[in-house]
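Below: one structure, written as structure tokens.
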There are 2 protein chains.
Amino acid sequence: MADVAKHAGVAPMTVSRALHDDPRVSPSTRVKVLASVAALGYRRNEVARSLRAGQSSDLLGLVVTNLANPFYAQLALGVESFAAEHGMTMVLGNTAEDPGREKELVNNLVSRRVSGIIVVPAGSDHSHLRPSGLDGMPVVLAARPPSRAELDCVLVDDFGGALAAARVLTGAGHRRIGFLGPLPGLWTSAERFRGFCTALAEAGLAVDEQNVRFGLRDVPAAEHAARELLHLADPPTALFAANNRSTIGAVRAITGARPRTALAGFDDFELADMLGLPLTVAAYDPAEIGMQAARLLIDRIDRIERAGNDTPPQRVVVPTTLTHYGQA
Amino acid sequence: MADVAKHAGVAPMTVSRALHDDPRVSPSTRVKVLASVAALGYRRNEVARSLRAGQSSDLLGLVVTNLANPFYAQLALGVESFAAEHGMTMVLGNTAEDPGREKELVNNLVSRRVSGIIVVPAGSDHSHLRPSGLDGMPVVLAARPPSRAELDCVLVDDFGGALAAARVLTGAGHRRIGFLGPLPGLWTSAERFRGFCTALAEAGLAVDEQNVRFGLRDVPAAEHAARELLHLADPPTALFAANNRSTIGAVRAITGARPRTALAGFDDFELADMLGLPLTVAAYDPAEIGMQAARLLIDRIDRIERAGNDTPPQRVVVPTTLTHYGQA
DNA sequence: CTGTTAGCGCATTCAG
DNA sequence: CTGAATGCGCTAACAG
């Protein structure tokens with residue numbers, strides 16, 4: 001900056017002002033400065049810029065549990081696009097569902113003085129995400145609600161979506177319906193199970209524990225569990241799968257099995273219509289979650305900057321829509 | 001830091017040293033300092049830290065063209081995991097294939113003084129990515145090679161993979177084979193087309209322009225183009241699709257068509273085995289590209305820090321393997 | 001082993 | 001409208 005100032009024959013301060021579109025600098029001076037900037041290929045140092053106290057870094061942190069899952073990739077895209085629209089840059093970390101790693105990443109982001117953080121929390125206790133312990137850094141939770149901490153969050157209508165999808169099965173007259181899902185400790189998983197149970201109860205059906213399988217982390221695990229259910233003495237005539245991993249596993253197990261088992265699930269996925277079997281899914285847009293989370297976060301950041309951060313935590317729920325796929 | 005120093009009864013410099021595991025600080029002092037750090041909940045300001053000249057920010061920039069594509073999400077995961085292993089944090093931007101946006105993002109990253117940048121370039125002229133114009137910032141290209149600039153890069157064996165996959169079709173006796181691909185301006189696309197042409201030439205076949213469709217940006221476009229080919233007076237008996245979007249479009253067009261058209265493609269994708277038609281794909285691991293790119297970049301960064309950045313640009317090629325899927 | 005000095009690049013504050 | 005002084009938080013380099 002000093003070089004530019006010398007080149008333009010002004011003081012560094014004037015260069016700074018010209019770069020800020022400060023109206024107090026005369027047009028002629030501004031032109032001179034900008035010419036020098038171009039001539040010298042000068043680029044403002046954002047690090048120094050954000051060192052100045054209270055300055056926002058215009059960085060937005062995102063911590064997800066598993067980028068390999070298209071769901072989180074889409075979510076990240078939603079965050080990135082909203083952030084970019086607002087002049088912010090996204091810093092991304094992956095926890096692999098490890099709460100320890102999550103803590104590391106969040107600390108790292110706080111140390112870098114990002115403006116705020118969006119977290120898909122890995123554990124069930126989120127007390128370490130309270131802004132009070134994070135130098136006041138605002139935090140928004142995505143996909144999973146806060147526990148032991150009051151935070152903004154964006155959720156999917158897990159209960160409602162599961163209820164609606166499961167109702168399709170009960171409505172079709174099925175009376176023995178199996179459940180496949182990931183770890184029951186995950187809030188989303190528990191909510192979807194609750195929706196499933198409610199649909200059964202509405203139809204006057206009891207949930208048979210024998211037909212319920214949790215802890216299915218990936219497609220092979222889900223496929224294996226689904227096959228087990230289908231080989232029971234009195235197998236379910238329909239399956240409900242609580243996420244796209246489970247649904248795909250179920251599809252693999254069901255395909256070719258006799259008699260054909262009905263299937264409904266949570267999460268849409270590509271090629272769902274090409275699998276040669278009827279399928280109902282509770283669908284929603286993962287990018288929407290990311291965008292909403294970014295919106296909440298940026299709102300909160302603005303409010304903090306205006307020193308009026310007294311709003312209570314917000315909770316946004318993204319709705320689901322039921323999609324039916326027929327046979328290919 | 002001053003507060004910690006006061007609390008511990010030492011000078012700020014000593015705190016700094018204790019936090020760095022500087023061996024010159026006595027164990028007793030270190031303990032005292034660390035206790036104060038814990039007591040006050042102190043967190044070092046990484047912004048100030050990296051303001052010091054020449055200091056690396058331990059940030060690694062990644063600029064991709066389309067995060068919504070699982071390919072790039074996996075690539076990002078590869079970068080993130082390698083970076084994290086080396087104590088670096090990833091900053092991610094999405095260009096949506098817009099070269100202007102790419103320039104913005106790269107400039108932004110340079111301004112933030114990241115340690116280096118990995119770019120999946122959107123345009124065909126990469127002269128703006130030369131480190132010389134970027135304050136010496138090292139750049140590694142991923143998935144597409146540099147033009148008008150000497151840069152490290154990581155590529156897929158586009159030619160070889162396409163050749164092998166197309167040979168499966170010619171080897172099966174097909175003599176009229178259609179080609180579906182994205183914009184021919186993309187290097188990957190051009191290379192895959194070259195592989196396709198080579199396979200045909202080996203079999204003594206000419207490439208019929210009528211059977212070649214480029215510019216297919218998404219699945220619907222690919223499906224539409226594939227249907228057009230299948231409705232020609234003398235339709236191809238096999239199709240070669242140059243990426244997973246094209247392949248999926250082709251699958252949609254072929255399914256249910258009579259007579260059944262053979263299909264081979266570039267890129268593996270989930271559920272490829274469940275589509276009820278035989279399919280051969282040239283597969284590879286997208287995360288591997290990200291990891292290799294991060295490795296090249298970190299190598300280069302290390303070399304620059306040791307002031308020995310005289311190595312010529314490296315080029316790493318990730319191999320493909322042929323995968324055959326039968327009928328479901 | 002510990003402390004002091006100085007400065008990274010920028011922008012706020014106050015003087016011209 | 002422009003400039004000079006000052007400090008953000010940290011750490012090399014040099015004393016003690």
Side-chain angles (χ1 to χ4, degrees), chain A residues 1-34 36-37 40-59 107-115 135-137 305 307, chain B residues 1-34 36-37 40-59 107-115 135-137 305 307:
Chain A
M1 192 150 176
D3 296 345
V4 175
K6 208 164 295 171
H7 184 101
V10 298
M13 196 54 239
T14 304
V15 177
S16 175
R17 282 201 267 256
L19 257 29
H20 274 271
D21 283 329
D22 189 314
R24 295 174 307 185
V25 63
S26 77
S28 62
T29 310
R30 181 194 313 285
V31 169
K32 230 178 6 183
V33 170
L34 295 180
S36 298
V37 165
L40 299 178
Y42 168 77
R43 205 187 308 266
R44 185 168 50 192
N45 184 331
E46 295 296 330
V47 174
R49 194 165 139 74
S50 65
L51 177 58
R52 300 283 343 242
Q55 286 297 148
S56 123
S57 61
D58 285 354
L59 285 175
N107 273 325
N108 181 301
L109 292 170
V110 174
S111 294
R112 292 185 191 284
R113 299 302 189 266
V114 299
S115 301
D135 296 354
M137 174 89 46
E305 281 176 357
Chain B
M1 190 153 182
D3 296 346
V4 175
K6 208 163 295 170
H7 184 102
V10 297
M13 195 57 235
T14 304
V15 177
S16 174
R17 282 200 267 256
L19 257 28
H20 275 269
D21 284 330
D22 189 313
R24 295 173 307 183
V25 62
S26 78
S28 63
T29 309
R30 182 193 313 285
V31 169
K32 230 179 6 182
V33 169
L34 296 181
S36 298
V37 165
L40 299 179
Y42 169 76
R43 204 187 310 264
R44 185 169 51 192
N45 185 331
E46 295 296 329
V47 174
R49 194 163 138 74
S50 65
L51 178 58
R52 301 281 345 235
Q55 286 297 140
S56 125
S57 62
D58 285 353
L59 285 176
N107 274 323
N108 181 301
L109 292 169
V110 174
S111 293
R112 292 184 191 284
R113 299 301 189 267
V114 299
S115 301
D135 296 355
M137 175 87 48
E305 282 176 357

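Below, read A as the first sequence line, B as the second, and so on, with proteins coming before strands; counting in each chain starts at 1.
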> Where each residue is assigned the nucleotide of DNA chain D containing its nearest heavy atom, which of B:Arg43 and A:Arg24 is assigned the position nearer the 5′ end?
Replying inline: A:Arg24
> Please give, in whole Å, the distance from D:dT2 C1' to A:His20 NE2?
Replying inline: 16 Å
> D:dC10, D:dT2, C:dT2: which one has an atom nearest the side-chain heavy atoms of B:Ser26?
Replying inline: C:dT2
>> Could you tell me how far apart B:Arg30 (CZ) and C:dC1 (C1') are, to the nearest whole angstrom?
In response: 11 Å
>> Nearest whole Å is fine: how far is C:dC8 C1' from A:Arg49 CZ?
In response: 17 Å
> Out of C:dT2, D:dG9, D:dT2, which nucleotide sits closest to the side chain of B:Leu51?
Replying inline: D:dG9
> Can you check side-chain contact (heavy atoms from CB on, under 4.5 Å) on A:Lys32 and A:Arg30, steps first, answer last?
Replying inline: CA-CA 5 Å; A:Lys32 230 178 6 183; A:Arg30 181 194 313 285; over 6 Å; no
>> Using a 3.5 Å distance criterion without hydrogens, assess whether the side chain of A:Ser57 forms a donor-acceptor pair with backbone atoms of A:Arg113.
In response: yes
> For the side-chain contact (heavy atoms from CB on, under 4.5 Å) test, which of B:Val33, B:Asp22, B:Thr29 pairs with B:Arg17?
Replying inline: B:Asp22
> By side-chain contact (heavy atoms from CB on, under 4.5 Å), which residues pair with A:Val110, not counting sequence neighbours?
Replying inline: A:Val106, A:Ile117, A:Leu134, A:Asp135, A:Met137, B:Arg43
>> Quick check on contacts: within residues 10-17 of chain A, what sits under 4.0 Å from DNA chain D by heavy-atom distance?
In response: A:Val10, A:Ala11, A:Met13, A:Thr14, A:Arg17
>> For B:Arg112 versus A:Asp58, what's the shortest heavy-atom pair and its separation?
In response: NH2-O, 3.5 Å
> Hey, is the side chain of A:Thr29 poking within less than 4.0 Å of OP1 or OP2 on D:dC1, counting only N and O atoms?
Replying inline: no
> Of the nucleotides C:dG9, D:dT11, C:dC10, which has the atom closest to the B:Met1 side chain?
Replying inline: D:dT11
> Just checking, is any N or O donor in the side chain of B:Asn45 or B:Arg49 under 3.5 Å from an acceptor N or O on the other one?
Replying inline: no
> For B:Ala48 and B:Pro23, take the nucleotide of DNA chain C holding the closest heavy atom to each; which residue's nucleotide lies nearer the 5' end?
Replying inline: B:Pro23
> Do B:Thr14 side-chain atoms and B:Val10 backbone N/O form a donor-acceptor pair below 3.5 Å?
Replying inline: no
>> Whole angstroms only, please: what is the NZ-P distance between A:Lys6 and C:dG9?
In response: 13 Å
> Any side-chain N or O of B:Arg44 less than 4.0 Å from the OP1 or OP2 oxygen of D:dT11?
Replying inline: yes
> For B:Asp58 and D:dC10, what is the distance between atoms CG and C1' respectively, to the nearest whole Å?
Replying inline: 15 Å
>> Quick check: closest heavy atoms across A:Ala11 and A:Ala5, and the distance to 0.1 Å?
In response: C-CB, 3.7 Å
>> Output the rounded distance in Å from CG (B:Asp3) to C1' (D:dC10).
In response: 14 Å
> To the nearest 10 degrees, how far apart in direction are the end axes of the helix from C:dC1-D:dG16 to C:dG16-D:dC1, each fit to five base pairs?
Replying inline: 40°
>> With nearest nucleotide decided by heavy atoms, which residue, B:Pro27 or A:Asn45, maps closer to the 5′ end of DNA chain C?
In response: B:Pro27
> Is there a donor-acceptor pair under 3.5 Å between the side chain of B:Ser16 and the backbone N or O of B:Pro12?
Replying inline: no
